Amino acid sequence: MKTFYVTTPIYYFNGEPHLGHTYCTVASDALARYKKQRGYDVKFLTGADEHGQKVERAAAEAGVSPQQWCDDLAVKYKAAWQMLDIEYDYFQRTTNPAHMAAVQKIFKKLYDQGDIYKGSYEGLYCTPCETFYTESQLKDADGKVNLVCTAEGCGRPVERISEECYFFRLGKYQAQLEAHIEANPDFISPPSRRNEMINNFLKPGLTDLCVSRTSFKWGVPVDFDPGHVMYVWVDALPNYATALGFMSDDDSDYKKYWPADVHVVGKEITRFHTIIWPCILLALGEPLPKMIFGHGFLQIEGKKLGKSLGNAIAPAPYVEEFGVEALRYYLLREFAFGPDGNLTHDGIINRYNADLANDLGNLLSRTVGMVEKYFGGELPDISAPSPYDADLTALAAAMVPKVEAHYDKLQFSDALNEAWNLVRRANKYIDENAPWAMAKTIDADPTKRAELANVLYHLAEVLRIMAIVSAPVLTRTPDVIRAQLGITDAALATWESAKDFGALPRGVKVEKGLAAFPRVEKAAEVKG
């Protein structure tokens with residue numbers, strides 16, 4: 001069985017989970033679910049980046065220890081992911097003793113082979129973004145130095161610091177990394193991120209990287225040099241490998257699932273994952289991830305969501321108002337996964353009513369309702385072709401490989417649009433065949449009875465297929481569809497069966513349930 005390993009970032013623990021975290025995690029979960037449907041042995045990681053000065057300060061402000069701060073937030077993150085139907089295999093915390101022991105081995109190995117050396121740092125630093133700057137990097141077009149962070153969505157003041165630290169010889173591995181990027185065009189995706197990394201960081205040249213700090217204590221100790229704690233690069237980035245047992249006594253999962261198939265990350269941390277992390281792996285002699293996908297920001301009113309920006313909206317109010325599936329669907333359907341996306345309350349309502357309530361929900365309700373009304377809940381094992389059958393079945397056959405291609409490229413919006421083309425065509429198929437008109441003559445005309453049975457069978461088969469291809473995003477409705485259609489055979493829920501229009505047995509028995517997606521009306525906008 002082929003393996004597939006997908007990860008989100010381990011989220012920095014300076015606040016509770018918000019919709020920005022939700023966006024990335026839902027996308028990764030959808031990809032993991034899709035790969036499971038395709039028969040892969042899948043592992044999915046998310047977790048918590050718990051060390052650093054920012055966490056230390058946040059805990060102090062809250063009047064608790066850093067460990068307690070992280071423990072409390074871990075509970076909240078896990079609860080949020082459970083609410084959102086996130087099915088992860090690993091929740092990696094960098095305070096995990098096994099992880100800490102592994103990164104100490106990594107640090108020592110790099111030091112022993114000369115890739116880490118002791119020095120001192122004096123310069124400018126943004127604590128919230130954990131980014132060092134030289135004055136030349138902060139000059140504006142007029143050559144004036146502006147002492148503010150230039151990371152997109154930040155703009156906060158930088159601090160001038162001076163301390164002893166260890167450095168990693170990042171530039172030593174630049175040529176190898178460039179050769180890898182050239183040979184593997186999808187390594188940094190989408191292409192816009194690849195161009196950013198090459199033009200903004202690789203072409204100017206990589207400089208050695210600070211990988212330890214002495215000005216704070218909340219971090220993994222450098223065990224051979226008391227007073228130093230590891231900085232985020234060697235502490236947090238290896239989590240994707242240490243979760244699999246890398247540098248431990250049992251590295252069987254690492255050998256089985258590494259290299260990662262895709263790291264899904266926000267664009268603001270793409271540099272760390274596409275340049276620093278690969279160079280560390282090159283220094284260790286380990287394989288590089290197959291792809292790092294840097295998605296855009298989830299914005300609200302045109303601004304990046306974030307705790308530090310004062311607009312970190314939690315997902316819970318949206319789930320309470322619309323349901324978990326509606327939020328998942330909106331996040332992955334409304335805008336392409338790659339560029340920035342702008343979330344609006346009205347947009348969720350419009351997408352919910354148009355796609356979920358009117359299109360899919362109404363198709364299910366109408367189909368099951370007509371089978372109950374005209375055939376007592378059981379379709380007869382007879383059929384007569386409709387002149388519109390071929391168009392519907394051809395669209396269904398073409399849809400599945402298109403959806404596969406889009407899911408494989410993390411083009412969730414395109415995948416869902418292709419699937420919903422079939423739903424919309426099925427609703428049009430109802431209007432074309434006018435089953436209510438056929439029903440008026442079925443008692444007197446056996447041909448009309450067979451024609452009506454054929455139409456309703458085709459609609460039921462579309463719904464069966466939709467239950468399969470929408471399942472990476474809609475986590476509960478596929479079971480509702482199958483229950484109402486009386487589908488109990490697991491073979492009719494496999495991905496491959498979606499390619500076989502007509503697999504649903506004749507004589508299907510249905511049982512109408514509650515509306516899958518009741519329409520919603522506009523209400524007061526969610527504020528948090």
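Worth saying up front: this structure is predicted, and the values here are computed from it rather than measured. In this chain, numbering begins with 1 at the start of the sequence shown.
- A donor-acceptor distance shorter than 3.5 angstrom exists from the side chain of Asp89 to the backbone of Phe44, with no hydrogens or angles considered.
- Side chain to side chain, Asp250 and Ser252 meet the donor-acceptor criterion of an N or O pair below 3.5 Å.
- Under the 4.0 Å criterion applied to side-chain N and carboxylate O atoms, Lys499 and Glu496 are assigned as salt-bridge partners.
- Using a 4.0 Å cut-off between a side-chain N of Lys or Arg and a carboxylate O of Asp or Glu, Arg351 and Glu334 qualify as a salt bridge.
- Residues meeting the ring pair (Phe, Tyr, Trp, His ring centres under 6.0 Å) test with His21, sequence neighbours left out: Tyr11, His18, Tyr77.
- When every heavy atom of Pro289 is checked against every heavy atom of Leu281, the shortest pair comes out as CD-CD1, 3.6 Å.
- Contact detail for Lys290 and Pro259: the closest heavy-atom pair is CE-CG, 4.1 Å.
- Side-chain contact between Val264 and His295 is present, with at least one heavy-atom pair separated by less than 4.5 Å.
- Checked by atom type, the side-chain pair Tyr429/Arg425 shows no donor-acceptor distance below 3.5 Å.
- Taking a cutoff of 4.0 Å between a charged side-chain nitrogen and a carboxylate oxygen, Asp408 and Lys35 qualify as a salt bridge.
- Within a 6.0 Å sphere centred on CD of Glu511, heavy atoms belonging to other residues, nucleotides or ligands number 12 at most.
- In this structure, CZ on Phe501 lies 6.0 Å from OG1 on Thr393, to the nearest 0.5 angstrom.
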When you look at Val520 and Asn353, which way does the side-chain contact (heavy atoms from CB on, under 4.5 Å) test go after all the steps?
-> CA-CA 7 Å; Val520 297; Asn353 284 336; 3.7 Å; yes

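- Exactly one of Trp420, Phe322, Phe412 qualifies for a ring pair (Phe, Tyr, Trp, His ring centres under 6.0 Å) with Tyr329. That residue is Trp420.
- Under the 3.5 Å distance criterion, with hydrogens and angles disregarded, a donor-acceptor pair is assigned to the side chains of Asn421 and Arg424.
- Residues Lys267 and Asp340 are paired through a salt bridge, judged by an N-O separation under 4.0 Å between the basic side chain and the carboxylate.
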Decide side-chain contact (heavy atoms from CB on, under 4.5 Å) for Met83 and Val324; before the verdict, give the C-alpha distance in whole Å, the side-chain angles of both, and the deciding distance to 0.1 Å.
-> CA-CA 7 Å; Met83 174 185 64; Val324 61; 5.8 Å; no

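- Taking 4.5 Å as the limit, some side-chain heavy atom of Asp85 sits within range of a side-chain heavy atom of Arg33.
- Nearest heavy atoms, Phe517 versus Ala357: O-CB, 3.1 Å.
- Using a 30° and 60° split on the angle between ring planes, Tyr23 and Phe335 fall in the perpendicular class, above 60°.
- Counting only heavy atoms from C-beta outward, the side chains of Asp72 and Glu16 never approach each other to under 4.5 Å.
- Using a 4.0 Å cut-off between charged side-chain N and carboxylate O, Arg482 and Asp479 make a salt bridge.
- With rounding to the nearest 0.5 Å, the separation of CD1 in Ile465 from CD1 in Ile481 is 11.5 Å.
- Figure legend: cation-pi geometry between Arg506 and Tyr457, with NZ or CZ positioned under 6.0 Å from the six-membered ring centre and within 45° of its axis.
- For the side chain to side chain contact (heavy atoms under 4.5 Å, CB included) test with Leu288, the passing option among Ile181, Leu282, Asn184, Thr274 is Leu282; the others fail.
- A salt bridge links Glu50 with Arg93; the closest basic N to acidic carboxylate O contact falls under 4.0 Å.
- With hydrogens and angles left out, the side-chain atoms of Asn454 and Asp389 include a donor and acceptor closer than 3.5 Å.
- In terms of heavy atoms, Thr46 sits closest to Pro9 at OG1-O, 4.0 Å.
- To the nearest 0.5 Å, the span separating CD on Glu404 from OH on Tyr34 amounts to 4.5 Å.
- Considering only heavy atoms from C-beta on, Leu416 comes within 4.5 Å of Tyr407 through its side chain.
- Val6 places none of its side-chain heavy atoms less than 4.5 Å from the side chain of Met291.
- Between Gly294 and Thr270, the shortest heavy-atom contact is CA-OG1, 3.6 Å.
- For the atom pair CG of Asn200 and CG of Asn195, the computed distance is 9.5 Å after rounding to the nearest 0.5 Å.
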Step by step, would you call Thr475 with Glu325 a side-chain contact (heavy atoms from CB on, under 4.5 Å)?
-> CA-CA 7 Å; Thr475 52; Glu325 291 182 300; 4.0 Å; yes

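- Using a 4.5 Å heavy-atom threshold, the side chains of Ile468 and Trp495 count as touching.
- With Glu461 contributing its side chain and Gly502 its backbone, the two residues share a donor-acceptor pair below 3.5 Å.
- Environment of CD in Gln176: crowded, with over 12 heavy atoms of neighbouring residues, nucleotides or ligands closer than 6.0 Å.
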Where do Phe293 and Phe337 land on the side-chain contact (heavy atoms from CB on, under 4.5 Å) test, with the steps shown first?
-> CA-CA 10 Å; Phe293 192 100; Phe337 193 67; 3.4 Å; yes

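- Here the CD1 atom belonging to Ile487 is positioned 5.0 Å from the CG atom belonging to Leu504, to the nearest 0.5 angstrom.
- A side-chain donor from one of Tyr90 and Asp253 sits under 3.5 Å from a side-chain acceptor of the other.
- For NZ of Lys409, the number of neighbouring non-hydrogen atoms (other residues, nucleotides, ligands) closer than 6.0 Å is 12 at most.
- Residues Met370 and Lys373 are not in side-chain contact: their nearest non-hydrogen atoms beyond the backbone lie 4.5 Å or more apart.
- Shortest non-hydrogen contact noted between Lys448 and Met438 is CB-O, 4.0 Å.
- Using a 4.5 Å heavy-atom cutoff, the side chains of Thr447 and Thr441 are not in contact.
- Between the side chains of Tyr254 and Glu286, at least one donor-acceptor pair of N or O atoms lies under 3.5 Å.
- Using a cut-off of 4.0 Å between Lys/Arg side-chain N and Asp/Glu carboxylate O, Asp261 and Lys43 are scored as not salt-bridged.
- A donor-acceptor pair under 3.5 Å is formed between the side chain of Arg193 and the backbone N or O of Gly338.
- The distance from the CZ atom of Arg519 to the CG atom of Asn362 is 10.0 Å, given to the nearest 0.5 Å.
- Without hydrogens or angle criteria, Tyr5 side chain to His263 main chain gives no donor-acceptor distance under 3.5 Å.
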